[in-house]
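Only one structure is covered here, and it is reproduced in the block below.
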Amino acid sequence: MKKVKIALLVALGLFVVGLAGSYYALSRLDLNQYKGTIRELVYEQTGRTLDIKGDIKLNIGRNFGFSVNDVSFSNASWASSEDMLNVGEIRFSLDLLPLIKGQISIQEIAVLSPEVRLETSKTGQVNYDFSKEKPAVTSEAKATTEVAEADKKAEEEKITEATSELSLPNIHLESVLIKDAHLVVKDNKTGSTQNIVLSKLSIADSSFGTEIETAADIDGQKVTLAINMGKLLDIGKKKMPIEINGDVIGIKLKAAGNIGEEILKAKGFDISFDISLDKKSLPMPDSKISFKLYEKDGIYYIASEGSNIGSGALEFSGKLDNLGAKPYVKFDTSLSNLDMAEFAEAGDAYNKAHASNGTDAPSAAKSKKDSPKQEMLIPNTDVDLSFLKDFNADIGLKLDRVGNKEARIAKDFLAKIIIANGELNLNDTSVILGGAKVDFDAAYSANSTQASFSLKGDGLKFSDFVESSTKIAIQNEKSNLVDINIKTSGKTAKALAKNLSGSSIIVSDGMSLESGYVGLLSGNILDNFKALFNGTTGFKTEKLDVRCAVVRTDFAGGKVLINKSIALDSDKAALYLDGNINLDNEKINIMFSPYTKDALQSGITNILSSVMAVKGTLASPSIGVNDAEIGKTAATVGAALATGGLSLVGERVMGQKYSYIPDVCYDALKNSKYGTHFKSTAKKPESVLDSTIGKENVEKGKKAIDDLKKDLFKAFGK
């Protein structure tokens with residue numbers, strides 16, 4: 001027995017000596033001598049250089065860990081900065097004793113002052129892609145590779161299936177800290193750069209639970225978040241409470257509830273959310289979105305709990321059923337009132353809160369070289385709505401009222417959106433618009449990429465749309481109608497635009513307008529030219545009696561056709577627009593033809609009418625097409641207008657009066673299904689010579705106008 005005790009004491013002594021020796025050896029170990037090996041391994045795997053400028057320190061005791069200072073990781077050769085990553089300090093500490101029980105107890109993970117730069121090149125390369133070109137392989141090697149990949153995929157599926165039944169590993173994470181982190185995301189394709197400063201991200205786990213805190217700045221917008229929940233070891237094992245409080249760019253978030261046992265399957269949760277929206281953080285009225293999100297029997301539900309958008313009460317409910325062959329979404333929402341005045345006030349408050357102090361304001365005088373060139377408004381990019389094939393849905397929308405305190409724009413908006421097997425249909429949809437019911441339907445097929453839209457309403461009153469802030473008064477309004485029928489097909493936005501067919505018709509049977517902008521529609525063309533050339537933006541308030549107005553556009557052959565089909569007839573003037581918009585090259589070619597009903601201006605107006613045009617493109621419309629001539633001619637004409645030169649010319653041509661005014665509204669609807677809506681009242685043109693002026697002065701006036709007309713053709717295009 002005595003010998004056994006001696007043997008045990010000797011063994012224990014040897015163990016202590018060995019342990020002490022190991023501790024002494026490890027404590028004397030200098031990991032800095034392996035920097036070169038670490039550098040080579042990283043370079044072999046990534047093609048980049050990992051540079052450790054500081055010391056690597058090993059900490060030995062009950063807690064095993066290390067720390068390293070001043071680490072950098074090189075960037076891609078094409079990137080704008082030398083390093084992709086710089087870190088001030090990294091610390092790691094692991095408690096050894098819990099390993100005996102099969103637990104992993106991480107005492108600390110700390111990353112201090114990291115700087116990360118993610119960048120995309122103009123050709124779409126990303127600096128976080130470390131893949132290398134693979135050598136060409138033979139057909140035999142290819143076959144072997146394919147078999148190996150198939151085996152690997154099958155193995156991964158087995159692992160996925162097995163791990164789907166597992167809870168989170170038995171890990172105790174006591175402290176994680178990321179401090180003073182800076183992330184720069186740069187996209188050279190778009191020229192955009194985003195800066196994210198993470199002041200703090202900490203995770204602290206104890207016997208009382210887990211606390212997570214973060215504070216960040218995203219391009220000047222503050223983000224804070226605090227999460228309190230049960231212990232990390234209990235996640236996935238039992239139901240546990242969770243509480244969230246945050247402020248994301250001024251949007252305040254509160255949430256409280258429970259996480260279920262099967263967190264990896266998103267089951268067993270029941271959480272209530274309160275989201276407060278401030279008009280100083282978003283350009284919308286103060287609002288609150290409160291709802292409950294929960295799971296029951298594999299179906300996910302959402303239900304509002306006292307929400308509002310401004311003064312409008314918001315209600316919504318829905319569910320996501322993922323149990324069948326294809327997910328099914330059911331969602332219904334309603335809003336009692338959408339007050340446009342509240343949105344306008346919120347927009348002013350938002351702009352005031354975010355007004356620039358002038359230090360970082362962009363220069364107002366930018367050169368054309370610095371300004372982005374926008375050649376096309378309609379992109380030739382894919383319109384990928386194939387996701388409609390991935391689920392079915394039944395969505396209901398209801399809006400009781402849209403307007404402000406002075407006027408109601410619309411009410412009783414109802415819509416039903418059905419998505420089934422890649423087909424989207426807008427059914428049973430209507431709205432009371434301008435005092436009349438408007439019905440509309442829309443459809444889109446993700447299978448055939450065909451779309452259609454129709455809208456029809458009669459008896460509308462545009463006065464319902466007018467807000468007092470516009471300073472436009474509509475009186476004595478008669479009936480109006482809207483009739484739109486459009487079809488198209490295509491896989492890109494450009495194709496959808498080019499393949500448009502159908503028509504859009506809006507007709508007004510008459511009204512009286514009173515506004516400071518009426519001058520633009522009046523017969524005093526010369527005064528309007530003066531105002532435009534001399535930079536005057538205001539016109540005196542006038543009353544305009546509109547006999548009729550028509551806006552009719554036909555779609556065919558990739559063009560928006562305006563065949564004298566946009567027209568207005570008033571007591572002061574009549575005008576129509578004629579031309580087209582090419583949706584392929586996006587060029588605009590629309591002529592304005594005004595006819596004044598003021599005898600003193602009729603001659604000059606009718607001569608000038610043929611040179612008033614809108615040219616250019618959808619992205620950059622303009623008056624005229626010859627930029628080289630516009631400046632010189634406009635200066636000449638502007639000087640003449642300012643000194644009354646054109647008035648003298650006008651007086652000389654007054655010997656020729658034009659009493660013919662075309663029936664523009666009748667002509668606009670001619671050859672359409674509303675061709676009999678108006679009756680033609682136009683008279684044949686007649687020429688009357690004013691004997692008081694004399695033939696000689698008339699001829700001089702005509703010559704002067706012909707010369708002016710030639711100059712205007714050069715400036716504004718014919």
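Quick note: numbers below take in every heavy atom, side chains included, and nothing from hydrogens, waters or symmetry partners.
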List the atom of [X], the atom of [Y], and the distance in Å for their closest heavy-atom pair.
X      : Y      : answer
Gly246 : Leu225 : CA-CD1, 3.9 Å
Ala346 : Pro283 : CB-C, 4.1 Å
Ser503 : Ile486 : O-CG1, 4.3 Å
Gly250 : Asp278 : O-CB, 4.2 Å
Ala493 : Ile378 : O-CG2, 3.6 Å
Gly490 : Ala495 : CA-CB, 3.9 Å

(request) Under the side chain to side chain donor-acceptor pair (under 3.5 Å) rule, what do Ser311 and Glu342 come out as? Steps first, then yes or no, please. (result) CA-CA 8 Å; Ser311 60; Glu342 291 179 347; 2.9 Å; yes

Side-chain donor/acceptor of [X] to backbone N/O of [Y], under 3.5 Å:
X      : Y      : answer
Thr553 : Val560 : no
Asp286 : Lys279 : yes
Ser287 : Leu277 : no
Asn480 : Leu460 : yes
Ser304 : Ser307 : no
Ser501 : Ala556 : no
Asn425 : Asn427 : no
Asn447 : Asn421 : yes

(request) Kindly check if the number of other-residue, nucleotide or ligand heavy atoms within 6.0 Å of NZ (Lys398) is above 12? (result) no

(message) How about CZ on Phe208, more than 12 heavy atoms from neighbouring residues, nucleotides or ligands closer than 6.0 Å, or not?
(response) no

(message) Could you walk me through whether Tyr328 and Asp394 satisfy the side-chain contact (heavy atoms from CB on, under 4.5 Å) test, starting with their C-alpha distance in whole Å, then the side-chain angles of each, then the deciding distance to 0.1 Å, before giving a yes or no?
(response) CA-CA 8 Å; Tyr328 171 74; Asp394 182 344; 3.5 Å; yes

For the pair [X] and [Y], find out whether any cationic side-chain nitrogen is under 4.0 Å from an anionic carboxylate oxygen.
X      : Y      : answer
Glu423 : Lys389 : no
Asp458 : Lys456 : no
Glu119 : Arg117 : no
Asp270 : Lys292 : yes
Asp332 : Lys330 : yes
Asp382 : Lys491 : no

Does the side chain of [Y] come within less than 4.5 Å of [X]'s, by heavy atoms?
X      : Y      : answer
Leu118 : Tyr128 : yes
Phe555 : Leu561 : no
Met340 : Val402 : yes
Thr333 : Glu315 : no
Val438 : Val482 : no
Tyr674 : Leu481 : yes
Lys254 : Ile244 : no
Ile178 : Leu198 : yes

(request) Check step by step if side-chain contact (heavy atoms from CB on, under 4.5 Å) holds for Ile271 and Ile242. (result) CA-CA 8 Å; Ile271 304 175; Ile242 184 170; 4.1 Å; yes

(message) Is the positively charged end of Lys411 above the ring of Phe413, judged by distance under 6.0 angstrom from the centroid and angle within 45° of the axis?
(response) no

Spacing of [X] atom [atom1] and [Y] atom [atom2] [to the nearest 0.5 Å]:
X      : Y      : atom1 : atom2 : value
Thr429 : Lys416 : OG1   : NZ    : 9.5 Å
Ser489 : Leu496 : OG    : CG    : 7.5 Å
Leu253 : Ser276 : CG    : OG    : 9.0 Å
Leu183 : Glu115 : CG    : CD    : 11.0 Å

(request) Assess whether side-chain contact (heavy atoms from CB on, under 4.5 Å) is satisfied between Lys231 and Asp205, documenting all intermediate values. (result) CA-CA 6 Å; Lys231 295 172 60 177; Asp205 188 27; 4.1 Å; yes

(request) Would you please test Asn188 and Ser121 for side chain to side chain donor-acceptor pair (under 3.5 Å) and show each step? (result) CA-CA 5 Å; Asn188 292 303; Ser121 71; over 6 Å; no

(message) Going by salt bridge (charged side-chain N to carboxylate O under 4.0 Å, His left out), name the residues that satisfy it together with Asp483, two or more places apart in sequence or in a different chain.
(response) Lys673

(request) Step by step, work out the side-chain contact (heavy atoms from CB on, under 4.5 Å) result for Ser281 and Ile249. (result) CA-CA 7 Å; Ser281 58; Ile249 59 172; 5.9 Å; no

(message) Distance alone, cut at 3.5 Å: any donor-acceptor contact between the side chains of Thr120 and Asp187?
(response) no

Donor-acceptor pairs are to be reported for all side-chain atoms of residues 211-219 against protein atoms at under 3.5 Å, with residues two or more places apart or in another chain.
unit_1 : atom_1 : unit_2 : atom_2 : d
Thr214 : OG1    : Lys200 : O      : 3.3
Asp217 : OD1    : Gly220 : N      : 2.7
Asp217 : OD2    : Lys222 : NZ     : 3.0
Asp219 : OD1    : Asn195 : N      : 2.8

(message) In terms of relative ring orientation, are Phe316 and Phe291 parallel, tilted or perpendicular, with 30° and 60° separating the classes?
(response) tilted

(message) Go through it in stages, so that I can follow the logic: the residues are Lys319 and Asp321, the test is salt bridge (charged side-chain N to carboxylate O under 4.0 Å, His left out), and I'd like the CA-CA distance, side-chain angles, deciding distance and then a yes or no.
(response) CA-CA 6 Å; Lys319 68 176 182 178; Asp321 187 345; 5.4 Å; no

(request) Assess the pair Phe453 and Tyr444: is the distance between their ring centroids shorter than 6.0 Å? (result) no

(message) What verdict does the ring-ring contact (aromatic ring centres under 6.0 Å, His included) test give for Tyr350 and Phe343, after you've listed the backbone C-alpha separation in whole Å, the side-chain angles of each residue and the deciding distance to 0.1 Å?
(response) CA-CA 10 Å; Tyr350 176 82; Phe343 275 84; over 10 Å; no

(message) Evaluate Gln450 against Thr488 for side chain to side chain donor-acceptor pair (under 3.5 Å), listing each step before the verdict.
(response) CA-CA 6 Å; Gln450 293 183 335; Thr488 188; over 6 Å; no

(request) Report the C-alpha separation of Arg401 and Asp339 in whole Å, then their side-chain angles, then the decisive distance to 0.1 Å, and conclude whether the salt bridge (charged side-chain N to carboxylate O under 4.0 Å, His left out) test is met. (result) CA-CA 8 Å; Arg401 183 185 183 277; Asp339 193 323; 5.4 Å; no

(message) Evaluate Lys494 against Glu586 for salt bridge (charged side-chain N to carboxylate O under 4.0 Å, His left out), listing each step before the verdict.
(response) CA-CA 10 Å; Lys494 180 68 73 175; Glu586 300 189 17; 3.1 Å; yes

